[in-house]
A.B. asks: 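First the structure, then my questions, so here it is.
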Amino acid sequence: MNGKEYVQSVLEIVKSRNEGEKEFHDAVTEVLKSLVPVFDKHPEFIEAGLLERFIEPERQIIFRVPWVDDAGIVNVNRGFRVQFNSAIGPYKGGLRLHPSVNISIIKFLGFEQILKNSLTGLPIGGGKGGSDFNPKGKSNNEVMRFCQSFMAELYRHIGLDTDIPAGDIGVGGREIGFMYGYYKKLAGANDQGVLTGKGLSYGGSLARTEATGYGLVYFTEEMLKDNGNSFKGKTVVVSGSGNVAIYATKKATELGAKVVALSDSNGYIYDKNGINIDVVKDIKEVKRGRIKEYLEKVPTAQYVEGCRKIWEVKCDIALPCATQGEIDKQSAEILVKNGTMAVSEGANMPSSLEAIEVFQSNGLLFGPAKAANAGGVACSSLEMSQNSMRLSWTFEEVDEKLQLIMKNIYKNSSEAAKEYDQEKNILVGANIAGFMKVANAMMLQGIV
Ligand code: NDP
């Protein structure tokens, strides 16, 4: 069997065994197709049934999360934790709280996380979790009661050396605080390294909040430099206005770019003078408000209803930082028509497979999520190291390590692309570089 036949046969297993899980199918398809040359070169992987094991999570936990709201009504949500692959280290990956969460989304995120974590060069395996709970519009007490109920089950499945969750959409410092407090009560131990994204007063790392957005810009700057360019003087569009979007905007602006648009799930703002990120931080981080409130402070800006239209704004560099599936083929074609030179993904799987095809066939530089947004998990791993050593690094120390990690991710992805005759295809390079480390570890550990 050659590489192509092997990948095709495994994709059929994925589809028949995981019916209706579109996001998971898409993520696996994108990765496996790019691994075909690896199996041509390494037939021993085929003999060891490596892919059949790689696409099957080691463990999936689904549980009931009951909680009582402020009106005294009982609510029941569904909780998930998928422990996907521990070949190179304990499971590591965020928790997402959003009404769209289901097993397909958690599996796609967990699968991507395996490769992303491997790319960081740090000893962490892949996992992901969350719930279909919607934190929007809930009181602090409701969020706390939900987080406590969620942790009442999750705590028995996680641990310093087994599984270390972190934040994702809907899970920031507040939620991690509630979860850690309850974990500590149940476990009876101050295992700080069991969750990352903690507050600075109880084991958090400086620069963790900034890490994904900053890391995205560091990675993209490397990609631009390798092609004789940089952020300096460029017009940038960033989607979303959450954690990743805010810090990507801040760092891109520091590097001399002008970020002209940001969005939330209702619409986008356009500020031709460059977004004032402090105003956005106040709206989103302090007031938990809507992006259109930006106009109250900057009346010269414009607000457009409908978040997808943000890709109609002319830009040199697009940084999708909101959510999966936010750039379809049509939006990709608009970006190409407007002369965009680079798209780099802050969110997980924001571009559809068709959109990626449009970018690549038109010669745009493309930074895939698993490489470009790995700064968050890399910094989480640095948080774990600090917790184990019981010391804290300065912001500058963490930021310096982050920059080095992002540069190495670009270098390793780019070299793997060259080795497999796919020069400039960072998507293929990242998939291969991330996969090889995990595959080698799996080969050495026998059939498990
Ligand atoms: P947040 O919850 O902080 O922010 C998400 C933002 O995206 C919000 O502004 C939200 O708006 C907006 N949004 C949601 N859906 C849409 C949509 N369809 N169109 C436009 N905007 C939308 O999440 P994060 O910033 O943490 O995460 C963003 C992405 O980055 C996710 O894909 C996540 O998996 C990924 N990521 C995050 C990491 C991290 O460290 N935080 C690490 C690696 C990846 P609204 O307020 O209206 O909901």
Side-chain angles (χ1 to χ4, degrees), residues 23-24 60-70 73-83 91-110 112-113 127-155 157-158 163-183 194-199 204 208-209 212 240-246 264-266 284-285 287-290 307 321-326 346-350 373 376-377 380:
E23 294 83 1
F24 182 55
Q60 306 181 50
I61 302 139
I62 302 183
F63 52 98
R64 178 170 71 201
V65 190
W67 57 280
V68 181
D69 65 24
D70 289 347
I73 293 168
V74 175
N75 293 258
V76 179
N77 285 100
R78 185 171 280 182
F80 302 89
R81 186 71 183 166
V82 172
Q83 299 178 330
Y91 312 106
K92 176 104 197 83
L95 297 170
R96 177 176 290 193
L97 299 183
H98 192 269
S100 66
V101 164
N102 57 35
I103 192 65
S104 171
I105 289 185
I106 298 297
K107 274 164 68 183
F108 118 65
L109 291 164
E112 289 279 298
Q113 197 82 42
K128 197 83 189 186
S131 171
D132 57 2
F133 171 78
N134 185 1
K136 226 179 270 177
K138 303 287 190 300
S139 70
N140 257 330
N141 279 335
E142 287 173 329
V143 171
M144 180 179 74
R145 285 195 292 273
F146 170 83
C147 290
Q148 293 182 339
S149 179
F150 184 77
M151 190 48 86
E153 176 58 35
L154 188 69
Y155 92 99
H157 306 289
I158 61 177
D163 186 355
I164 304 98
D168 188 67
I169 292 180
V171 178
R174 174 181 66 170
E175 292 74 17
I176 292 289
F178 291 150
M179 288 187 200
Y180 182 66
Y182 212 64
Y183 173 88
V194 77
L195 283 175
T196 57
K198 297 182 292 296
R208 171 61 189 96
T209 308
T212 307
S241 47
N243 173 266
V244 182
I246 286 174
D264 63 18
S265 50
N266 294 118
K284 287 290 171 180
E285 293 182 342
K287 298 184 182 135
R288 293 179 193 269
R290 310 308 301 157
C307 51
C321 296
T323 192
Q324 69 271 3
E326 51 168 318
N348 283 311
M349 216 165 73
N373 74 19
V377 72
S380 276

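As a basis for the values below, the full set of heavy atoms in this structure was taken, side chains included, without hydrogen atoms, waters or symmetry mates.
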A.B. asks: For R288, which residues count as a side-chain hydrogen bond (donor to acceptor under 3.5 Å, both in side chains) partner, sequence neighbours excluded?
C.D. replies: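 Per chain and number, R288 pairs via side-chain hydrogen bond (donor to acceptor under 3.5 Å, both in side chains) with no residue.
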A.B. asks: Any sub-3.5 Å donor-acceptor pair from S149's side-chain atoms to V65's backbone N or O?
C.D. replies: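 Between the backbone of V65 and the side chain of S149 there is no qualifying donor-acceptor contact (under 3.5 Å).
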A.B. asks: State, to 0.1 Å, how close T212 and G376 come at their nearest heavy-atom pair, and which atoms those are.
C.D. replies: OG1-CA, 3.0 Å
A.B. asks: For R78, which residues count as a salt bridge (Lys or Arg N to Asp or Glu O under 4.0 Å) partner, sequence neighbours excluded?
C.D. replies: none
A.B. asks: How many angstroms lie between atom CD of E285 and atom OG of S241, to the nearest 0.5 angstrom?
C.D. replies: 10.0 Å
A.B. asks: What residues, two or more places apart in sequence or in another chain, satisfy side-chain hydrogen bond (donor to acceptor under 3.5 Å, both in side chains) together with E23?
C.D. replies: S104
A.B. asks: Sequence neighbours left out, what passes ring-ring contact (aromatic ring centres under 6.0 Å, His included) with F150? Give chain and number order.
C.D. replies: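 In terms of ring-ring contact (aromatic ring centres under 6.0 Å, His included), with neighbours along the sequence ignored, F150 is linked to F63, F146.
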A.B. asks: If I take atom OG from residue S131 and atom CG from residue L154, how far apart are they, to the nearest 0.5 angstrom?
C.D. replies: 11.0 Å
A.B. asks: According to side-chain contact (heavy atoms from CB on, under 4.5 Å), who are the partners of Y155, at least two apart in sequence or on a separate chain?
C.D. replies: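 With sequence neighbours excluded, Y155 shows a side-chain contact (heavy atoms from CB on, under 4.5 Å) to M151, Y183, L186, given in chain and number order.
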A.B. asks: Looking just at side-chain N and O atoms, do D70 and S139 make a donor-acceptor pair shorter than 3.5 Å?
C.D. replies: yes
A.B. asks: Are Y180 and V194 packed together at the side-chain level, in the sense that at least one heavy-atom pair is separated by less than 4.5 angstrom?
C.D. replies: yes
A.B. asks: Closest heavy-atom contact between S265 and C307?
C.D. replies: O-SG, 3.7 Å
A.B. asks: Report yes or no: does K284 contribute a side-chain atom to a donor-acceptor pair with the main-chain N or O of G289 at less than 3.5 Å?
C.D. replies: yes
A.B. asks: Measure across R208 and S380 and return the closest heavy-atom pair with its distance rounded to 0.1 Å.
C.D. replies: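 Answer, listing the atom of R208 first, then S380: NE-OG, 3.0 Å.
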A.B. asks: Would you mind reporting whether I103 and V82 have side-chain heavy atoms less than 4.5 Å apart?
C.D. replies: yes
A.B. asks: Considering only heavy atoms from C-beta outward, does the side chain of M349 approach that of L109 to under 4.5 Å?
C.D. replies: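 Contact flag for M349/L109 side chains = no.
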A.B. asks: Could you give the distance from CG (N102) to CD1 (I62), rounded to the nearest 0.5 Å?
C.D. replies: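 So the gap between those two atoms works out to 9.5 Å.
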A.B. asks: Quick check: closest heavy atoms across Q113 and G127, and the distance to 0.1 Å?
C.D. replies: CG-O, 3.7 Å
A.B. asks: Per the salt bridge (Lys or Arg N to Asp or Glu O under 4.0 Å) rule, what does the pair list look like for residues 130-140, sequence neighbours excluded?
C.D. replies: none
A.B. asks: Find the distance between CZ (F133) and CD (E142) and round it off to the nearest 0.5 Å.
C.D. replies: 7.0 Å
A.B. asks: If I take atom CD1 from residue I105 and atom OG1 from residue T323, how far apart are they, to the nearest 0.5 angstrom?
C.D. replies: 7.5 Å
A.B. asks: Go through the structure and list residues passing salt bridge (Lys or Arg N to Asp or Glu O under 4.0 Å) with K198, not counting sequence neighbours.
C.D. replies: E383
A.B. asks: Going by salt bridge (Lys or Arg N to Asp or Glu O under 4.0 Å), name the pairs with one or both residues in residues 167-176, residues two or more places apart or in two chains.
C.D. replies: R96-D168, K128-D168
A.B. asks: Where is the tightest heavy-atom contact between I169 and A322, given as atom of each residue plus distance?
C.D. replies: CD1-O, 3.8 Å
A.B. asks: Could you tell me which residues satisfy side-chain hydrogen bond (donor to acceptor under 3.5 Å, both in side chains) with N134, sequence neighbours excluded, listed by chain and number?
C.D. replies: none
A.B. asks: I need the minimum non-hydrogen distance between P135 and G170, along with the two atoms involved.
C.D. replies: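 That closest heavy-atom pairing would be CG-O, 4.0 Å.
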A.B. asks: Can you confirm whether I164 sits close enough to I158 that some side-chain heavy atom of one is under 4.5 Å from a side-chain heavy atom of the other?
C.D. replies: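 No; the side chains remain at least 4.5 Å from each other.
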A.B. asks: Can you list the residues that meet the salt bridge (Lys or Arg N to Asp or Glu O under 4.0 Å) rule with R81, with sequence neighbours excluded?
C.D. replies: D163
A.B. asks: Partners of E326 by salt bridge (Lys or Arg N to Asp or Glu O under 4.0 Å), sequence neighbours excluded?
C.D. replies: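 Checked E326 against salt bridge (Lys or Arg N to Asp or Glu O under 4.0 Å); zero matches.
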A.B. asks: Quick one: CD on Q148 to CH2 on W67, what's the gap to the nearest 0.5 Å?
C.D. replies: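 One finds 12.5 Å between CD of Q148 and CH2 of W67.
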A.B. asks: Taking only residues two or more places apart in sequence, or in another chain, which ones meet N75 in a side-chain hydrogen bond (donor to acceptor under 3.5 Å, both in side chains)?
C.D. replies: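 For N75, the residues satisfying side-chain hydrogen bond (donor to acceptor under 3.5 Å, both in side chains) (neighbours in sequence not counted) are D69.
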